[in-house]
A.B. asks: 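Mind looking over this structure? Questions follow.
Every chain is numbered from 1, with letters handed out A, B, ... down the list of sequences. Note that this is a predicted model, so its numbers are computed, not measured.
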Protein chains: 4
Amino acid sequence: MSANREQVSQDDRDRQEKEQPRRRQARGERRIAQLLEAAATVFTTTGYTAASTNAIAREAGVSPGTLYQFFPNKEAIAIELGDRLMHELREMYGEALAPVDPMTPLEEAVGAAVDRFIAFNCEHPVFFSLMHGPDIPGRMAEAHDALHATLLSRIEGLLSSFLPDAAPADLNRTAHMCLGLYKAGLELVLAHEGAERDAYVEELKNALIRYLDPLAGDRPGHPGAPGTAP
Amino acid sequence: MSANREQVSQDDRDRQEKEQPRRRQARGERRIAQLLEAAATVFTTTGYTAASTNAIAREAGVSPGTLYQFFPNKEAIAIELGDRLMHELREMYGEALAPVDPMTPLEEAVGAAVDRFIAFNCEHPVFFSLMHGPDIPGRMAEAHDALHATLLSRIEGLLSSFLPDAAPADLNRTAHMCLGLYKAGLELVLAHEGAERDAYVEELKNALIRYLDPLAGDRPGHPGAPGTAP
Amino acid sequence: MSANREQVSQDDRDRQEKEQPRRRQARGERRIAQLLEAAATVFTTTGYTAASTNAIAREAGVSPGTLYQFFPNKEAIAIELGDRLMHELREMYGEALAPVDPMTPLEEAVGAAVDRFIAFNCEHPVFFSLMHGPDIPGRMAEAHDALHATLLSRIEGLLSSFLPDAAPADLNRTAHMCLGLYKAGLELVLAHEGAERDAYVEELKNALIRYLDPLAGDRPGHPGAPGTAP
Amino acid sequence: MSANREQVSQDDRDRQEKEQPRRRQARGERRIAQLLEAAATVFTTTGYTAASTNAIAREAGVSPGTLYQFFPNKEAIAIELGDRLMHELREMYGEALAPVDPMTPLEEAVGAAVDRFIAFNCEHPVFFSLMHGPDIPGRMAEAHDALHATLLSRIEGLLSSFLPDAAPADLNRTAHMCLGLYKAGLELVLAHEGAERDAYVEELKNALIRYLDPLAGDRPGHPGAPGTAP
DNA sequence: GATGAATGAGGATTCATTCAT
DNA sequence: TATGAATGAATCCTCATTCAT
């Protein structure tokens, strides 16, 4: 996508009639990054709904028109921001959010996943704004939904190694619950600092582990749900 | 603008049906109810941020000027709405959200509380909008915080009978977690219908029960935390 | 519409829930007239497309918001302007644009109609902007089409007494031609002054009369088309 | 900005294929043709006023900067477009729009001229946009006026063979009328299709012929004005 | 020449809030 | 009280034009 930028050479200057993705200059790429960074700041500060495109442009130190050279509207910014965030997340932690070694105890796997996610969120506070549904139903829907879908599929991936026998519908529901629980916990984590924050991180892990543990049934490395022992 | 904000919502609360029986009060009360109902509709439909005072007035069938005769600004409407909602909740279910009989098993108590809450939410869809803070920090903060504080104290009340030995800080943290979990679950419940909705209700109960169970330690009527069984 | 304004009395203040056409105050009626006058000026000066709502508001001496209290958008202004213009035209000259006495010679009838129309246009220069199709297809369509339809039906009314035997489709086509010829002539008339303008008025009458004369076939008071005499 | 406006369009006209055979000229000519074609498309689609230079550049497959390398502003494009159109018209039908044989009956001459004009318009739909002045006085004025002047002089040429005795002022006025009538008719013609379109073409011819016939007085090949028959 | 980036004033429209009646 | 009118800054977005590369 950005690797073959140089290939666009002289001889196609004539036959380039209307094909859309026009050449992008390095400066433009920089501007886009700048704008996304500014958008992240503004979204984080004021929330998506109240974030104005002019405010984003101002924060980025460019004119409103410049913003619209790269993004057709506010939602497109959110979408691209979400995409890049997911991309980075994938690059950092791979496809599965956690080691897929089936012998890893649930506790450890969830703990690691939560730690990573929390760290990622602290590094990228926008993620939180983007993850939270929009105040207004229908707005920001696309950006939010795309993010959600990606996150859900990753969580399903993580869960499937612990719940190999779950029906797809159940797996999906469990993933939704986990994401919901995580979002709720994250909100609390971000709302506190220091030791209290750490305490909330522990509670979040506990909530997830306890919720999942009974579902993880008979699995190698699983000590067994309470009461299922002979 | 901000000077008489608490005056109003506080006044309203205090002078209800006291003082001389003025005939304008009856009309005023009706207007307020009308406006709050309209606000509930509009908040639910469009969210707090996007709800315009003009839209609320229109929905209530009055002029914008009339609205501002009863509420100094948009947030005051949300605050009063939250107050009334909490009032009604209190009237319906008493102070404790659930029977305080200490012998009630946790499972039953949580299940009942969740059922009641869900029912209440379905009856008053605004509740959800008000509970979910707006995506904009600072806006609607007062309304949201007041609601939260009340809910938290009620949850603490419920929890304290199950966690009698918990330190206040821990109790508070646990209440925060429970509220967060509940909000997360509620979002999922409201996003689905029919059997799937019921399934999410069950999952929500499970999540809460499993989260709380180990904390409920040695309590009469408690089967014991995992690992404490003989 | 404005006669029963007073009827709206106390006792319906309660039952007025959502019915739309709200009471309009005298001040508002004045503002509307003011705004339409300003719009007429601006449309005439700059044309519909380039006329900005802000410019109209400025010309009317009010804020942009005030304009939008009375008109939902720019086109609505054009539509209302057109409606009022047609209303006035009808009030001034009745439904038929010209005396329907079938014995009136074509020449006289057309001459009178043109004179009236020209006079009306000179008094209301916006009429010209409104009548001319928009530069941009699709924009201003409603206002323009409404005006056109009304004008056409009036022209058909006038023509039908001279062309009693014409098929509807032919009558319609002839009316279209007359309107087109009139618009073309009007443009030239308005572009000149003094004697030259008068000359163009004469030419316009000639063009219309000569175009229509052969169509008016055997009619009482008609001298007969060239060459049809025995 | 306005200083070098006529420089450009005049330069363009003057240096066509003169001077040294530079290779860049070929490319430039191609670019200009490309841009004018794109402009024609956009003008036709959206009208002159709403046509954006960016849209024209996009349609032409070049960057906005390139457009401004060949045209100093939007109006210059319209002017050049009009010039080329007139040039082509002249090349196709010669200087006089119609055979100057004085014996040709008026009916035939007008019919032929209209047919040719209509055909030309159908081939070059922009012509219509350019001929109809924009609804905004002052904008596009130069392009529009240049076109008009050329057309008028050609129509005068055609008329002079039928109205040899007319005073210059009368001839000019008649030409204006003919052009106006033609534009009005053309609008109707283009607004219809199939048989209805043909019917309008006939009506347009009729209108012109009947308008001109009495003016063509005693001319060889003229059957005589009404009432001059024996 | 050619490109894409940059501009910034201006467009339509909205909205919380205040005011005159 | 109640109303509808009034405000004006702010919103998103566009566009003719210029600039750096």
A.B. asks: In whole Å, I'd like the distance from the CZ atom of Phe71(D) to the P atom of dT18(F).
C.D. replies: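 For the pair Phe71(D) CZ and dT18(F) P, the rounded distance is 16 Å.
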
A.B. asks: Between atom CD1 in Ile77(D) and atom C1' in dC15(F), what is the gap in whole Å?
C.D. replies: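 So the two atoms are 13 Å apart, to the nearest Å.
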
A.B. asks: So what does Ala51(B) touch, heavy atoms closer than 4.0 Å: a base, only the sugar-phosphate, or nothing?
C.D. replies: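 Sugar-phosphate contact only.
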
A.B. asks: How many whole angstroms separate atom CD of Glu75(B) from atom C1' of dT17(E)?
C.D. replies: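 The answer, rounded to whole Å, is 15 Å.
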
A.B. asks: Expected output check: what is the dot-bracket annotation of DNA chain E, where ( ) and [ ] are pairs inside the strand (brackets for crossing ones), | is paired with another strand, and pairs are Watson-Crick or G-U under 3.5 Å?
C.D. replies: .||||||||||||||||||||

A.B. asks: Please tabulate the protein-to-nucleotide N/O contacts below 3.5 Å involving nucleotides 6-10 of chain E, giving atom names and distances.
C.D. replies:
{"unit_1": "dA6(E)", "atom_1": "OP1", "unit_2": "Arg31(A)", "atom_2": "NH1", "d": "2.3"}
{"unit_1": "dA6(E)", "atom_1": "N7", "unit_2": "Gln69(A)", "atom_2": "OE1", "d": "2.5"}
{"unit_1": "dT7(E)", "atom_1": "OP2", "unit_2": "Ser63(A)", "atom_2": "N", "d": "3.2"}
{"unit_1": "dT7(E)", "atom_1": "OP2", "unit_2": "Thr66(A)", "atom_2": "OG1", "d": "2.9"}
{"unit_1": "dG8(E)", "atom_1": "N7", "unit_2": "Ser63(A)", "atom_2": "OG", "d": "3.4"}

A.B. asks: Less than 4.0 angstrom between a side-chain N/O of Thr53(D) and OP1 or OP2 of dA16(F), yes or no?
C.D. replies: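 Checking dA16(F) against Thr53(D), a side-chain N or O does come within under 4.0 Å of OP1 or OP2.
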
A.B. asks: What is the distance, to the nearest angstrom, from the CD1 atom on Ile56(D) to the C1' atom on dT14(F)?
C.D. replies: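 Distance, rounded to whole Å: 15 Å.
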
A.B. asks: I need the CD-C1' distance between Glu29(C) and dT21(E), as an integer number of Å.
C.D. replies: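 In whole Å, dT21(E) C1' and Glu29(C) CD are 16 Å from each other.
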
A.B. asks: In this structure, which one of Thr53(D), Ile56(D), Leu36(D) forms a side-chain contact (heavy atoms from CB on, under 4.5 Å) with Phe71(D)?
C.D. replies: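 The single option meeting the side-chain contact (heavy atoms from CB on, under 4.5 Å) with Phe71(D) is Leu36(D).
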
A.B. asks: Does the side chain of Ile77(D) reach to within under 4.5 Å of the side chain of Phe70(D), using non-hydrogen atoms?
C.D. replies: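 In short, these two side chains do not touch, never coming nearer than 4.5 Å.
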
A.B. asks: Look at Tyr68(C) and dT14(E) and indicate whether a side-chain polar atom (N or O) is within less than 4.0 Å of OP1 or OP2.
C.D. replies: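 Checking Tyr68(C) against dT14(E): no side-chain N or O falls below 4.0 Å of OP1 or OP2.
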
